Each structure stands twice: as C-alpha cells, then as structure tokens.
Amino acid sequence: MIAFFLSSLLISLLAKYLLDLNGKNLALTALFKRERVENGQQLYRELLGLNRFYLANGKKLELTEYKFFTEILDELLIFYRKGGANILEHIKEIRKNLILDLKQEKKLAAFARASRVEMALISGLSLCFALFANLFAQVSIEASALTLVFAWQLLGVCVFVLFQKHGRSRMFKPFFAYLKRASLLDVLIKTNQPVNLIAKKMNLATLPPDPVMFHLKERIEVILSQIQSAGVYDEEQSRELGQECWFCYEQKLELYQQTMKRLKLLVISLFFLGGYLYLFYALILSLRL
C-alpha cells in the first residue's frame, strides 16, 4: 500500500512539473525548429498598417518572415511597384487567413506539448514501476531490459517529432504553389499582361499533385481559355479561385490535426505502452529466475 501511494505521489509531482512547462519551450522543441507564432502575430500587426496610403509613399517595407505568407506578400508587392497593380484585396484576404492560421497554430502547439506530457508521464510510470519493484518487492529488473525500454520510448518521441515535422512540410508545401498562382493570375490580368505571357508565368505543368487542391489547376486553365478565346475576364471567378485556395488550406489544417492525433495514438500504443508492458514481462522473467 505504501508503494502504491508513493508511486502515485511521484507520478502526480511529475505531471505537475511537466504541465508547468506547457507554456515554455521544451528541449525537443529546441532541437527541431518550428515556426514561431510570435512571428505570425508580428506580421499581422504589420499588415494592419499596410494600406493604400502607406503603399503610395513608396517606402521600403521589410515584412517579418512567417511561413509562406511573407513570400506571397513579397510577390504581390513586386507587382505593385512594377505596374501599380491593385493588391489590397489580396492583402485583406491574406490578413484574414493569417488569423485563421495563428489560431490553428496555437492549437497544434498545445496538442504537441500535451502529447509530449502524456509520453513523459507513461515513461515516468515505467520508471516508478521498476523502482518500486526493486525497493518493495525486492525484485530487480535487469539493467539491459530497463535500457531497452527507455531507449525504445525515446525512439518513440523522435518518431513523433520527425513525422510531425515531415507531415507538416509534405501537407502544406503544395499549398503555396497553388495560392501563388491564384493570386498572381488576378494581378497579371488586371495589369493587362498578354495571355501567352500569363500562361508562361503560371507554368501550370509544374504544379505539384495534391488531392485536396488539384482541381484548382483546371479552374485556372478555364479562366485563361476564356480570356484567350473571348477576351472576357470574370473578376468574380478570380475572387472565388482565391477563396477556394484558402478553403482548401482550412481543410488541410483539419486533416493535419486528425493525422497527428492518429500518429500520437500509434506512438503511445507502440512505443510507450509497449515498453511499459515489456517491463511486466521482464519482471515475470526475474520472478521465475
């Protein structure tokens, strides 16, 4: 009974300590750099002041780097300086979706921290199990078994972090290519660029395959075909194209969250609970010997 209460107390103290770290950068976060939400918040504040009057002053603008947002804004500003293209509507759309991204980013960061806390608690439980088996039951688990378990659990953390980073890059990298073309299509047409030149700059053949966004390529081709054959440009189509891009982005965020939840369940089940069960197996072997 004493062992039970002591182990419960130790695990509770470990949980409190890890939860207190929830708002701080953990060591693993330092090893694998991530986009900082503070950069996105700073970029949003900069965009609030980016209006028609500011652009008219011709001042050089240095925007804070945050994901693909800064790159697409730089592209738009280049077209504004070269041809005076109206980019304010695009900036408003980017600003609106930057808010969405920041909200989702905070949720993802909280989810990642909570996942690491869960993993650390199970690892702590494994350590307490081995410790009290030795102290109170006088059953020592072999050092090789303990080393194997904790190395296996550490491997689980690395797998989770690496797949989290790789999954984010793989899922969101194609988005920028589609959004860039949707935004530049509107700007190029409004600055009276020749259709052949627009098609060349669009370079649709190089768009990466993406199951969520690939239909947008067909929509861009239809818009270019209408302009080339009838000389008609429907601004509503272009606006809907941009909105559809951002809607796909929201879908990708939700899909990424679901993927990470499944990954966490797999990692905890395979690496952490699996390692904990292996300690039981090692304990039974010690009792038999």
Side-chain angles (χ1 to χ4, degrees), residues 25 29-30 32-110 112 164-165 167-191 193 198 201-203 206-208 210 213 216 220 235 238-253 256:
N25 290 328
T29 306
F32 302 97
K33 292 184 178 180
R34 298 180 56 196
E35 296 284 353
R36 295 180 62 86
V37 174
E38 290 81 1
N39 288 353
Q41 293 171 337
Q42 177 61 30
L43 178 60
Y44 177 74
R45 288 191 290 269
E46 292 168 357
L47 290 182
L48 288 175
L50 192 59
N51 52 39
R52 192 183 307 277
F53 302 104
Y54 190 95
L55 292 173
N57 287 333
K59 294 180 180 178
K60 187 176 180 181
L61 186 63
E62 292 291 339
L63 295 173
T64 303
E65 288 287 338
Y66 181 69
K67 295 187 177 179
F68 57 83
F69 288 93
T70 305
E71 190 171 347
I72 190 66
L73 284 165
D74 287 340
E75 292 275 359
L76 291 172
L77 287 169
I78 289 172
F79 278 96
Y80 172 78
R81 296 188 188 104
K82 286 184 176 179
N86 182 8
I87 62 173
L88 291 177
E89 288 301 319
H90 294 285
I91 290 175
K92 289 178 183 178
E93 194 71 21
I94 290 172
R95 190 170 62 205
K96 181 180 72 175
N97 288 282
L98 178 57
I99 296 174
L100 167 67
D101 179 86
L102 290 172
K103 288 180 180 178
Q104 295 295 336
E105 190 67 36
K106 288 179 180 179
K107 289 181 182 179
L108 291 171
Q164 185 181 28
K165 183 178 179 181
R168 177 189 292 261
S169 174
R170 183 178 179 183
M171 186 168 290
F172 293 105
K173 189 176 181 180
F175 172 76
F176 172 70
Y178 286 87
L179 177 64
K180 178 180 177 180
R181 284 163 173 80
S183 301
L184 296 185
L185 175 65
D186 183 62
V187 173
L188 288 169
I189 293 173
K190 287 180 178 177
T191 51
Q193 299 289 327
I198 295 174
K201 288 188 176 182
M202 289 293 100
N203 199 9
T206 61
L207 277 173
D210 186 276
M213 306 191 71
L216 297 177
I220 296 174
E235 292 189 15
S238 177
R239 190 178 300 111
E240 289 176 357
L241 182 64
Q243 291 172 351
E244 180 70 15
C245 279
W246 288 112
F247 176 71
C248 291
Y249 182 63
E250 191 172 353
Q251 285 184 303
K252 280 179 169 291
L253 285 171
Y256 178 72

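By convention here, the first residue in the shown sequence is residue 1. Keep in mind that what you see is a predicted model, and the values were worked out from it rather than measured.
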(request) Check whether the ring centres of Phe175 and Trp246 lie less than 6.0 Å apart, and answer yes or no. (result) yes

(message) Restricting to non-hydrogen atoms, name the atom on Gly167 and the atom on Tyr256 that form the minimum distance, rounded to 0.1 Å.
(response) C-CE1, 3.9 Å

(request) Could you tell me whether the side chain of Tyr66 and the main chain of Glu38 form a donor-acceptor pair under 3.5 Å? (result) no

(message) For the backbone of Phe172 and the side chain of Tyr249, can you confirm whether one donor and one acceptor N or O come within less than 3.5 Å of each other?
(response) no

(request) Please test Glu93 against Gln243 for side chain to side chain contact (heavy atoms under 4.5 Å, CB included), starting from the C-alpha separation and ending with a verdict. (result) CA-CA 8 Å; Glu93 194 71 21; Gln243 291 172 351; 4.1 Å; yes

(message) Rounded to the nearest 0.5 Å, what separates atom OH in Tyr44 from atom CG in Leu102?
(response) 9.5 Å

(request) State, with a plain yes or no, whether a side-chain heavy atom of Lys252 is found less than 4.5 Å away from one of Met213. (result) yes

(request) To the nearest 0.5 Å, tell me how far Glu46 CD sits from Thr64 OG1. (result) 3.5 Å

(request) Considering non-hydrogen atoms only, spot the tightest contact between Cys245 and Leu216 and give its length. (result) SG-CD1, 3.6 Å

(message) Could you measure the distance from the CZ atom of Phe69 to the CD1 atom of Ile94? Nearest 0.5 Å is fine.
(response) 8.0 Å

(message) If I take atom CD from residue Glu75 and atom CZ from residue Arg181, how far apart are they, to the nearest 0.5 angstrom?
(response) 10.0 Å

(message) Could you measure the distance from the CG atom of Leu179 to the CG atom of Asn97? Nearest 0.5 Å is fine.
(response) 8.5 Å

(message) Checking the side chain of Gln164 only, and the main-chain atoms of Ala112 only, is there a donor and an acceptor separated by less than 3.5 Å?
(response) no

(request) With side chain to side chain contact (heavy atoms under 4.5 Å, CB included) as the test, would you mind laying out the steps for Arg95 and Leu48 before giving the verdict? (result) CA-CA 8 Å; Arg95 190 170 62 205; Leu48 288 175; 3.9 Å; yes

(request) Could you check Leu98, Ile78, Leu43 and say which one makes a side chain to side chain contact (heavy atoms under 4.5 Å, CB included) with Leu73? (result) Leu43

(request) Go through the steps to decide whether Leu63 and Leu77 satisfy the test side chain to side chain contact (heavy atoms under 4.5 Å, CB included), and finish with yes or no. (result) CA-CA 11 Å; Leu63 295 173; Leu77 287 169; 4.1 Å; yes

(message) Working to the nearest 0.5 angstrom, can you tell me the gap between Ile220 CD1 and Ile198 CD1?
(response) 12.0 Å

